[in-house]
Amino acid sequence: MGDVFGQLSRVWKELGASQRVSLAMAGVAIIALTVGLLVWANRPRMQLLYGGLDSKDMGEISKAVDAMGITYEIRNGGSAIYVQSGEVYSARMQLAADGLPSGGGVGYEIFDSGSFGISSFVQHTNFVRAIQGELSRTINQINGIRSSKVLIVIPENELVIDGAEKKPTASVFVDTGGRTLAVGAVDSIRSLVSNAVESMNANDVAVVDNRGNVLSEALSDEGTLGGTSSQIKYRKSLEDYYTNKVESMLEKVVGPQNVVVRVSVGLDMDMQTLVEEQFDPDVQIVRSETTDENQIISNETSRASAVGEDANTGGGNNNVPDDQLLSSTNETKTTKDTQYEIAKTVIETVKNPGSISSLTAAVFLATPFIDDGQGVLQPQPRSEEQLDRIRLMVVNALGVEYATPEELEQKVTIEEMEFQTTDLTEVAGGFDMVTQLPMVMDLLKNGVAIGVSIFMLLFFFRLVKNASTNGSDQMEILPPEQEIGGGPAGVKDATPTVSPELLNELIKQNPDKVSSALKNWAFPDQ
């Protein structure tokens, strides 16, 4: 350590005034820059606490954070508040306990205060406001949404229903910051709102972004598979199902990453109702049978009288015989009425949309390679018999119907080709930019600070070395012994003589110091 300080002291003494000032200024600048970089690298990292806040929420949150004694910064034009990364979660829990942020509206806390004597209209209005506020707070938690506002219209109950039944509707305004919201996120908003309000349908929820685009228009449909978006999603789900089914099977045969399958599904989206009546004249069925039976019984009689004196005078034996049967009728009538019905079969068939009308598949297989015995892989295409067997497996897995071999080849095509073997780094799934970005920025910040500090130190030592070289380049020109003209040998000339031979010798000995030597020789007083 003493030798180092001693060398630095000798170097400092050999420097000129201007060199000392330049070196001192460079050293101070390097030290100041190094200290500044270290301070910048070690400053506390600020992390987003809440973003997309309105002025009311921002004022309340900043006041609450200040009361907690937490250092904060307001950015993004007063709509975002940042705190130190280690205090984010504790601050959020404390603010949530205080009901912040309120999301620019009230929630169910509106019923915390007393409502004695309040009218039914105000009670209904507060109920709607509470639902709107709670839905807005929930939607704000969806990734990609900065803020939202929900408007709900719930019809009042009427004693007399006039006209069609009125259903509740809703409108949702979302601020995405200029970004495009995914279709799945829009559908989740519609489902969230429609399930939070009684008797509300998802098609009655309109979602609009801050650029004036109606995001829910593409999702609106009427009935099952009635809309274009529903048909596309249904078709995509079927194609993915069949594709995964075939690929997973062929990968067991040809190996992973050696097969690509794409299945196309044709759908019949027509909805039909077919009513068919069939009559069979050879089959008669008794529809009704009526039997009417009548029985008529009639008897004709006559009373007989006496003749002679006794009958005329009334004397004698007055016994009169009984009535005499003159005629008798007994008639029975039976009437039978039978009605027959011809056999009839009524078939009503309802055909729902979504039936598969066609099914085709395209299969790409990687060409296999074999070793030719010299360590070189050569392509070995499969035979036609092998391709036909693979095609038959695909047909059986998909359930494709065909009539001729030519039709089979049109519905299931199989091609062999060399696949791209360049290894590509999978970025998705291996690195989450959103969650890892703060850590990477910290590492880069510390690395840059350390790198710049090392560079400045090396630059400083380089300046010291150059200054030391410039101050110690005092070469003494010692020419070889020369005889003074006519003098005895061994007598040296007091004044050295510079000759081309001498310069060449000096250049060979130390080329770096030639310029300094020449300067000192030419200007000895400087």
Side-chain angles (χ1 to χ4, degrees), residues 180 182-188 191 202 217-272 274 349-369 379-430:
T180 302
V183 178
V186 178
D187 195 17
S188 64
S191 301
E217 185 176 6
L219 296 173
S220 299
D221 53 49
E222 297 180 359
T224 304
L225 300 179
T228 304
S229 60
S230 300
Q231 297 177 9
I232 294 176
K233 288 190 293 184
Y234 177 64
R235 179 177 179 178
K236 184 178 182 300
S237 63
L238 288 177
E239 291 178 347
D240 292 342
Y241 167 73
Y242 285 114
T243 298
N244 296 331
K245 183 178 181 180
V246 176
E247 274 191 358
S248 61
M249 178 186 66
L250 294 181
E251 283 182 352
K252 303 295 183 181
V253 179
V254 300
Q257 307 299 326
N258 289 328
V259 58
V260 176
V261 179
R262 292 295 179 267
V263 177
S264 177
V265 178
L267 300 177
D268 186 3
M269 305 309 299
D270 295 335
M271 184 174 182
Q272 299 177 355
L274 178 63
T349 305
V350 179
K351 183 180 179 182
N352 292 322
S355 59
I356 298 177
S357 59
S358 62
L359 196 63
T360 58
V363 181
F364 293 91
L365 300 175
T367 303
F369 288 82
Q380 183 67 29
R382 297 177 177 84
S383 62
E384 290 295 333
E385 182 181 357
Q386 292 176 330
L387 295 179
D388 291 340
R389 293 173 59 186
I390 294 176
R391 180 180 288 107
L392 184 60
M393 288 190 298
V394 175
V395 169
N396 293 332
L398 296 178
V400 177
E401 297 180 357
Y402 62 94
T404 61
E406 292 77 10
E407 184 181 359
L408 173 61
E409 294 181 358
Q410 292 179 357
K411 290 187 175 183
V412 179
T413 59
I414 297 180
E415 295 290 340
E416 271 192 313
M417 59 184 61
E418 296 183 8
F419 282 14
Q420 178 67 32
T421 58
T422 303
D423 294 333
L424 300 177
T425 303
E426 296 183 1
V427 178

Can you tell me how far [atom2] of [Y] sits from [atom1] of [X], rounded to the nearest 0.5 angstrom?
X	Y	atom1	atom2	answer
Leu359	Glu401	CG	CD	10.0 Å
Asp268	Ser358	CG	OG	10.0 Å
Met393	Leu250	CE	CG	5.5 Å

Determine, step by step, whether Thr360 and Val263 satisfy the side chain to side chain contact (heavy atoms under 4.5 Å, CB included) criterion, reporting the C-alpha distance in whole Å, the side-chain angles of both residues, the deciding distance to 0.1 Å, and the verdict.
-> CA-CA 6 Å; Thr360 58; Val263 177; over 6 Å; no
Evaluation steps, side chain to side chain contact (heavy atoms under 4.5 Å, CB included), between Lys245 and Leu398 | CA-CA 8 Å; Lys245 183 178 181 180; Leu398 296 178; 5.5 Å; no
Derivation and outcome, side chain to side chain contact (heavy atoms under 4.5 Å, CB included), residues Leu408 and Val395 = CA-CA 8 Å; Leu408 173 61; Val395 169; 3.0 Å; yes
Minimum heavy-atom separation for [X] and [Y], please, with both atom names.
X	Y	result
Thr367	Pro379	CG2-CB, 4.0 Å
Glu416	Ala366	OE2-O, 4.4 Å
Phe419	Phe364	CZ-O, 3.6 Å
Glu239	Ser264	OE2-CA, 3.7 Å

Can you list every side-chain hydrogen bond (donor to acceptor under 3.5 Å, both in side chains) pair that touches residues 388-398, not counting sequence neighbours?
-> Asp388-Arg391
Can you tell me if [X] uses its side chain to pair, donor with acceptor, with the backbone of [Y] under 3.5 Å?
X	Y	value
Arg235	Val265	yes
Asp187	Val183	no
Glu247	Asn244	no
Ser188	Ala185	yes
Thr243	Arg262	no

Got more than 12 heavy atoms from elsewhere within 6.0 Å of CZ, Phe369?
-> yes
Exceeds 12 heavy-atom contacts within 6.0 angstrom, atom CD of Glu407 | yes
Do the side chains of Val246 and Val259 get nearer than 4.5 Å, heavy atoms only?
-> no
Does the side chain of Glu409 come within less than 4.5 Å of Thr413's, by heavy atoms?
-> no
Side chain to side chain contact (heavy atoms under 4.5 Å, CB included) assessment of Glu415 paired with Leu365 = CA-CA 6 Å; Glu415 295 290 340; Leu365 300 175; over 6 Å; no
